[in-house]
Amino acid sequence: MPSARDVVIDYDETDYRHETRKFFRELPHFIQEYVIALLPIATWIHRYNLMWLARDLIAGVTVGIVVVPQSMGYAKIAELPAEYGLYTAFVGLCVYCLFATSKDISIGPTAVMSLLVGQTVTKVTSAHPEVTAEEIAVAFSLLTGSIAMFIGLVRLGILVDFIPGPAIAGFMTGSAITITIGQWPKLFGIKGINTQESTYLIFGNFFKNLPKTKVDVAFGLIGLLWLYGVRFLCNHYTKKYPKYAMPLFFFSIMRNGIVVIFGTLIAFLINIGKETSPISILKDVPPGFQAMAVPSVNGDLIGQISGSLPSGVIILILEHVAIAKSFGRINDYTINPDQEIIAIGFTNIWASFFGAYPSTGSFSRTAIKARSGVKTPIAGIFSGLVVVLALYALTPAFYYIPDAILAAVVIHAVADLVSGPSYVKRLAAVSWWELLVFVVAVVVTFFTTVDYGIYGSLGLSIIILLFRIARPRFWALGRIPLAKSAAVVPSSDNEKADIIAPVQQQQEYLYVPVSHPSLGQLAESLPRGILMFRIDESMTYPNSGFIADRLIAYCKEHTRRGGKILSKGERAWNDDSNSKIEAERASLPKMHALLLDFSAVNRLDSSGLQAIVDVQNTLNRYAGHHVEFHFINLSANPSIRRSLIIAGFGTQPRTLLDDDASSSASNRQISSGPVEILPVVPNSKDGPHHQREQRLEESIRRHDLESSYISTKDEIEIEHVSIHLPKDKYPFFHWSSDEAVRSAQRTWDADRVDGHSEDSEPSSDQNSIASSAEKTEQEQIPQQHH
């Protein structure tokens, strides 16, 4: 059994000069990696083979069959002619494969983005009739793509992490509900309803005009019945007959194309010999790419659409990255979010030259593509070829597509975006605040527009995040004794069995919040004069004052005042204590040590450090002597440890002279460090604070020179040496709560031996406090010297 040894830990200072040289030495390699990452296709195209080609061809054609009717329906939502949906689908499908890090995602027009474009078109054209919808859509694609590409190139994809999942689910649910209700008039053949108004108005006007329903309703409802019926039956028989899963899947996917083909055929038959169609149909769709041109964008147009640009960029990035991450987890690969943002940005910039409006990842088509067995992003090219075939060969047939059929296809596609009751129930069980974000997103989108829904939910999410940072949870801790472990000890007689004997070791404790719902009632107090807290958040400028105030208040409630008892006239103006309160606290111990568990503290800025100094100074004055501050679990973040050392918490001198070294011991003031670590207004060079800071720095330097420790650079053969629990070089930093309590208790016991504490029994101070409740507050209580 190797012998155990003691290890004292210190952390070596960072050599910034060495780090800078290392960075510039590796800079060419970083640049090379950055450039290669811009075209991920170069890393895998040389491995492409015929098996991958076959799978990509099947998946690409399958998605192409779905995207053609969907894109025309989405273009109608965007207040654009149907062919613009096909332009958007083609460019997104073909260009994305060059920059993709996801094999599954399918780029093209989506329901939420189409809704936002449609609302933007309506808003701008109503104020500026001279601007066409096509110009607005193309400019919107160019600008949102440029912003997204800039975000990706400078690696600012981290910004999307500030938008929580419930906010995304909320505005997507609200958008899906808005789109569904907006398609009802087309489904029933009702004309004269403005489908770009707020959803509740569309809902009311729909039922108001319900008597105007036309024969279109037969196409729409039968189409919906077919779409949902085929999906239900295919899923049912897939479970019943697993060996037919793939044929059933492909037949299920074909349901969109089948309903459009049969709907168009019936519409053509009923229009034979008629000059005016009895139902609403799509009519002329120009063949080919008729809108190819350099985008015309001017300052006035940018100003008109600028209000929708932030929400457009958010939808563009969030939908795409969220879907790509989801399918990456499902299919066991990792995407690069910044590269995906570059891909979607470049795709939309290039698409604007084809007359397309903004496109992003589609959830429904991505799911189809993944289930079809896609192997690489090249499948998108085959989907794009299907769109080109439709643009050049099938546009005459598109003339008779019923609008009610397209409405049914759109409703069927967006219904899956709605987060159902099970999601809401789980979200409520996890966090009521996040449920509020979700509800706000849905409600605001329903009653206003999708961009207001995004802004509202995002704003509320940021407020909740800032509130959680500014008002963190922290706990006063108690401890529960743990049962001592037992060990197998060999018997001296080899013929007898081994026996179980308790291991001789120090008592160990479980430290839990005193308010813990299950274990709080079992927790016992720490030794007299010692309090412990666990802080569950970084201590930074938004929350440092709040934490400091709560710490001071709790410590004063659970300890008594030490030193001189002040009369009413001597107390500070903000000291609300009185003789009655002091009498009630007479039986409490004096404050000796405060233990802070920093296991959850990831950052300590200057405001947080100053707050800890302020707490110690306040408690020093309250206790009448130096209160030790012990810090636990600093090993994970050396920067916090370094900050505490700078403030003097590593050594914590018991007393510091207030004026100069010639002051008598009777005039010695209690303090533990400088009043301000980084003063906003510099201290006067002639003042006592400047002299005290100099003496503290000299004390810390002297302690560093005199201390001996084992640095992390010392070679320790771990495989041959077992160690005890490590100890920090500084006596007030600890690796375990038990060690912190024992350290504080040792100094407490030492003070009692030296006669510095009489807390084992009521002192004359306590008797004075108790009797002062019966006296007038104007009387002077004599100071009791230790």
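Side chains are part of it too, since the values below use all heavy atoms of this structure and drop only hydrogens, waters and symmetry mates.
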Flag, side chain of S326 to backbone of I323, donor-acceptor distance under 3.5 Å: no
D104 (side chain) donor-acceptor with K369 (main chain) under 3.5 angstrom: no
Mutual orientation of the aromatic rings belonging to W184 and F207 [parallel < 30°, tilted 30-60°, perpendicular > 60°]: perpendicular
Stepwise side chain to side chain contact (heavy atoms under 4.5 Å, CB included) check, F251 with L248: CA-CA 5 Å; F251 179 75; L248 288 170; 5.7 Å; no
Side chain to side chain contact (heavy atoms under 4.5 Å, CB included) between V117 and E79, worked out: CA-CA 8 Å; V117 172; E79 298 294 306; over 6 Å; no
D416 and R231 ion-paired at < 4.0 Å: yes
Separation between CD1 of I136 and OG1 of T120, rounded to the nearest 0.5 Å: 8.0 Å
Between CG on residue L385 and SG on residue C94, distance to nearest 0.5 Å: 6.0 Å
Any donor-acceptor pair under 3.5 Å from S457 side chain to I454 backbone: yes
More than 12 heavy atoms from other groups under 6.0 Å of OH on Y423: yes
Exceeds 12 heavy-atom contacts within 6.0 angstrom, atom CZ of F446: yes
Between CD1 on residue I270 and CD1 on residue I279, distance to nearest 0.5 Å: 4.0 Å
Full working for side chain to side chain contact (heavy atoms under 4.5 Å, CB included) between V388 and F90: CA-CA 7 Å; V388 171; F90 168 76; 3.2 Å; yes
Donor + acceptor pair across side chains of S362, S106 (<3.5 Å): no
Check: S364 and Q70 side chains under 4.5 Å, non-hydrogen atoms: yes
Crowding at OH, Y237 (>12 non-hydrogen neighbours, <6.0 Å): no
Flag side-chain contact, heavy atom, 4.5 Å: W226 against V230: yes
Under 3.5 Å: donor-acceptor pair, side chain of Q119, backbone of V450: yes
Heavy-atom neighbours of K214 NZ exceed 12 at 6.0 Å: no
Any donor-acceptor N or O pair under 3.5 Å, side chains Y452, S311: no
Distance, nearest 0.5 Å, that separates CZ of R155 from CD1 of I341: 9.5 Å
S198 side chain to F447 backbone, donor-acceptor under 3.5 Å: yes
Pair S277-N271, side-chain donor/acceptor within less than 3.5 Å: yes
Donor + acceptor pair across side chains of D56, T376 (<3.5 Å): yes
Test item: F327 and I105 side chains (from C-beta on) under 4.5 Å apart, heavy atoms: no
E340 (side chain) donor-acceptor with S102 (main chain) under 3.5 angstrom: yes
Plane angle bin for W350 and F354 - parallel if under 30°, tilted between 30 and 60°, otherwise perpendicular: tilted
H320/Y96 under side chain to side chain contact (heavy atoms under 4.5 Å, CB included): CA gap, chis, key distance, verdict: CA-CA 12 Å; H320 184 89; Y96 171 71; 3.7 Å; yes
Check: S141 side chain, A137 main-chain N or O, donor-acceptor pair, under 3.5 Å: no
Check: Q290/E83 side-chain N/O donor and acceptor closer than 3.5 Å: no
Approximate separation, where rounding is to 0.5 Å, of L187 CG and F206 CZ: 7.5 Å
Parallel, tilted or perpendicular: ring planes of F268 versus Y400, cut at 30 and 60 degrees: perpendicular
Any donor-acceptor N/O pair, S461 side chain to I163 backbone, under 3.5 Å: no
Y87 side chain to S71 side chain, donor-acceptor N/O pair below 3.5 angstrom: no
Straight-line distance of L115 CG to F171 CZ, nearest 0.5 Å: 11.0 Å
Plane angle bin for F99 and F346 - parallel if under 30°, tilted between 30 and 60°, otherwise perpendicular: tilted
Side chain T173, main chain S419, donor-acceptor under 3.5 Å: yes
Candidate list T360, I151, V321, test side chain to side chain contact (heavy atoms under 4.5 Å, CB included), partner L316, passing option: T360
Other residues, nucleotides, ligands: >12 heavy atoms within 6.0 Å of F262 CZ: no
Under 3.5 Å: donor-acceptor pair, side chain of T101, backbone of N336: yes
Neighbour count above 12 (heavy atom, 6.0 Å) for F150 CZ: no
